[in-house]
Amino acid sequence: MKKRITSNIALTALGQGVEKGIAFVVIAVLVRYLDKSLMGEYFFAISVLSLVVLLTEAGTSRHLVRSVAAEKTKAAELLGQVLRFRLTLIAVALVVTNIGVAIISPDLLEIFLWLSIYIFANDLYFAFGATLLGLDAVLKRVLTGLIGPVILLALVPLGTTFDWSLRSLLMVHALASVTMVWITWAITVKTTGPPFGKTPIAEVLQLVARSMPLFILSLLILLHARLDELMLAAITDYSVVATYAAGYKLLEVSRFAVRPAITVLLPVFTIMAVAADWTSYQRNIRRLIGTAFGIGMLTLLLVVPTAHYVVPLAFGETYLATIDVTRILFLGAPALFVSCLLYT
């Protein structure tokens with residue numbers, strides 16, 4: 001058991017390291033290619049859509065990991081319940097969000113349209129990823145999670161080299177996430193069986209009720225992460241949003257230091273809870289909290305003194321104002337890492 005957990009953490013660390021690395025490279029390429037105000041609009045759209053998609057997710061992905069880990073034979077049924085609930089909300093949110101943008105700020109419609117497909121499809125992937133993780137199919141989860149990022153890595157730098165339009169680059173984003181969902185759907189169905197069948201309204205309501213605490217926590221964490229960008233967009237121009245968002249992107253990438261262990265151990269802790277093994281549960285939670293805090297402190301001590309080297313290297317000379325933002329944000333790294341663990 002211990003050996004399997006260690007190998008799964010190592011595999012997940014490798015996969016998420018590659019995934020986060022690719023995501024960071026793509027952002028670094030975009031910030032050097034796009035005008036800073038345009039990049040601010042990109043970050044603003046991502047922030048808004050991240051909040052909207054959370055309303056369609058309602059905590060179901062983490063609930064799905066726990067439920068599948070506890071009842072592996074019901075994986076297809078549990079996935080089917082989540083998909084029927086989520087697909088309806090995603091369709092409604094996709095239409096309503098873009099109609100709202102067309103009315104309120106039509107100049108942002110094209111960015112929102114393509115990025116909404118990208119964000120919604122990318123988030124839907126986590127329903128399949130959660131199922132694979134609950135089934136302990138860690139390798140499949142890692143490999144499928146790399147499909148979208150690899151497509152972006154292949155096409156975004158190519159597009160900037162050949163001077164593609166913003167529309168083309170946004171279409172690449174949508175293509176990457178839709179392709180990832182389509183392939184992962186096929187792999188998950190082959191693993192669990194088809195997640196079809198009717199779901200009574202009572203079961204849907206039970207699903208929402210069980211997921212609600214996780215949804216509330218997710219909402220609070222996402223508001224903490226994105227609210228600054230939304231407020232900046234309301235009171236200043238989008239170039240300032242880009243300045244702040246670039247620093248937060250560095251902080252977001254740094255969470256990779258604790259994410260692999262959290263991803264792998266979630267189903268393990270679920271099994272402990274189902275077995276009422278609270279002694280092991282509490283002992284391991286305390287160890288992880290101490291480890292997460294220590295890694296956070298180390299990250300703080302590494303990044304704060306070197307931000308004036310890291311930021312220009314990552315984003316170029318246009319983003320020098322991001323240096324101070326990065327230093328301030330990384331002062332909260334220890335608390336952020338611990339909160340990521342406790343949220344799980």
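Closest heavy-atom contact between A76 and G193: CB-O, 3.8 Å. The two residues A93 and V52 have their closest heavy-atom pair at CB-CG1, 4.0 Å. The nearest pair of heavy atoms linking P334 to L331 is CD-O, 3.8 Å. Across all their heavy atoms, A75 and V68 have their closest contact at CB-CG1, 4.0 Å. Residue G159 comes nearest to Y33 through the heavy atom pair O-OH, 4.4 Å, listed as atom of the first residue, atom of the second, then distance. Taking each heavy atom of R327 and H308 in turn, the nearest pair found is NH2-ND1, 3.0 Å.
No side-chain heavy atom of I147 sits under 4.5 Å from any side-chain heavy atom of Y125. Annotation: side chain of T56 is not in contact with side chain of F85 (no heavy-atom distance under 4.5 Å). With contacts defined as side-chain heavy-atom distances shorter than 4.5 Å, the pair L250/V303 does not qualify. By the 4.5 Å heavy-atom criterion applied to side chains, M180 and T144 are not counted as neighbours. A heavy-atom distance below 4.5 Å is not found between the side chains of T306 and L302. Using a 4.5 Å heavy-atom threshold, the side chains of F315 and I27 count as touching. Between H173 and Y42 the shortest side-chain heavy-atom distance falls below 4.5 Å. Counting only heavy atoms from C-beta outward, the side chains of L124 and L83 approach each other to under 4.5 Å.
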Practice problem: Assess whether side-chain hydrogen bond (donor to acceptor under 3.5 Å, both in side chains) is satisfied between T243 and K36, documenting all intermediate values. | Solution: CA-CA 8 Å; T243 296; K36 197 171 184 180; 2.9 Å; yes
Quiz item: Stepwise, does the side-chain contact (heavy atoms from CB on, under 4.5 Å) test hold for W114 with I117?
Solution: CA-CA 5 Å; W114 291 111; I117 297 172; 4.1 Å; yes
Quiz prompt | Check against side-chain contact (heavy atoms from CB on, under 4.5 Å), R167 and L113 | solution = CA-CA 10 Å; R167 175 185 296 175; L113 176 61; over 6 Å; no
Practice problem: Determine, stepwise, if the pair V172 / L158 fulfils side-chain contact (heavy atoms from CB on, under 4.5 Å). | Solution: CA-CA 11 Å; V172 165; L158 178 68; over 6 Å; no
Practice problem: I would like to know whether T326 and I323 meet side-chain contact (heavy atoms from CB on, under 4.5 Å); could you show each step before the answer? | Solution: CA-CA 5 Å; T326 300; I323 294 172; 5.9 Å; no
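Here the side chain of T160 pairs a donor or acceptor atom with the backbone of P157 at under 3.5 angstrom. N98 contributes a side-chain N or O that, together with a main-chain N or O of L94, makes up a donor-acceptor pair within less than 3.5 Å. S177 places a side-chain N or O within 3.5 Å of a backbone atom of A174 that can act as its donor or acceptor partner. Remark: the backbone N or O of L251 is paired with a side-chain donor or acceptor of S254 at under 3.5 angstrom. Side chain of Y319 to main chain of A314: no donor-acceptor pair is present (N/O by atom type, distance under 3.5 Å, no hydrogens or angles). Looking only at distances, a side-chain donor or acceptor of S165 sits under 3.5 Å from a matching main-chain atom of S168.
Separating the CD atom in E77 from the OG1 atom in T192 is a distance of 11.5 Å, to the nearest 0.5 Å. Atom CG in L320 sits 8.0 Å away from atom OG1 in T318 (nearest 0.5 Å). Distance CZ/F120 to CG/L89: 10.0 Å, rounded to 0.5 Å. To the nearest 0.5 Å, atom CD of residue E71 and atom CG of residue L78 are 6.5 Å apart. Q81 contributes atom CD, which lies 9.0 Å from atom NZ of K74 (distance to the nearest 0.5 angstrom). Atom CD in E110 sits 6.5 Å away from atom CG in L166 (nearest 0.5 Å).
Relative orientation of the Y248 and Y244 rings is parallel, given thresholds of 30° and 60° on the angle between their planes.
Under the 4.5 Å side-chain contact rule for hydrophobic residues, L155 and W182 share a cluster. Linking ILVMFWY side-chain heavy atoms closer than 4.5 Å, directly or via other members, places V92 and L54 in two distinct hydrophobic clusters. Both V240 and L230 sit in one connected hydrophobic cluster of ILVMFWY residues. Membership requires side-chain heavy atoms under 4.5 Å apart, directly or through other members. Two different hydrophobic clusters hold Y309 and I328 under the rule that ILVMFWY side chains link at heavy-atom gaps under 4.5 Å. Under a hydrophobic clustering in which Ile, Leu, Val, Met, Phe, Trp and Tyr are joined whenever their side-chain heavy atoms come within less than 4.5 Å, directly or via other members, I235 and I104 fall into different clusters.
Checked options I46, L49, L175; the residue passing with Y118 is I46 (criterion: side-chain contact (heavy atoms from CB on, under 4.5 Å)).
A salt bridge does not link D136 to K72: none of the charged side-chain nitrogens sits closer than 4.0 Å to a carboxylate oxygen.
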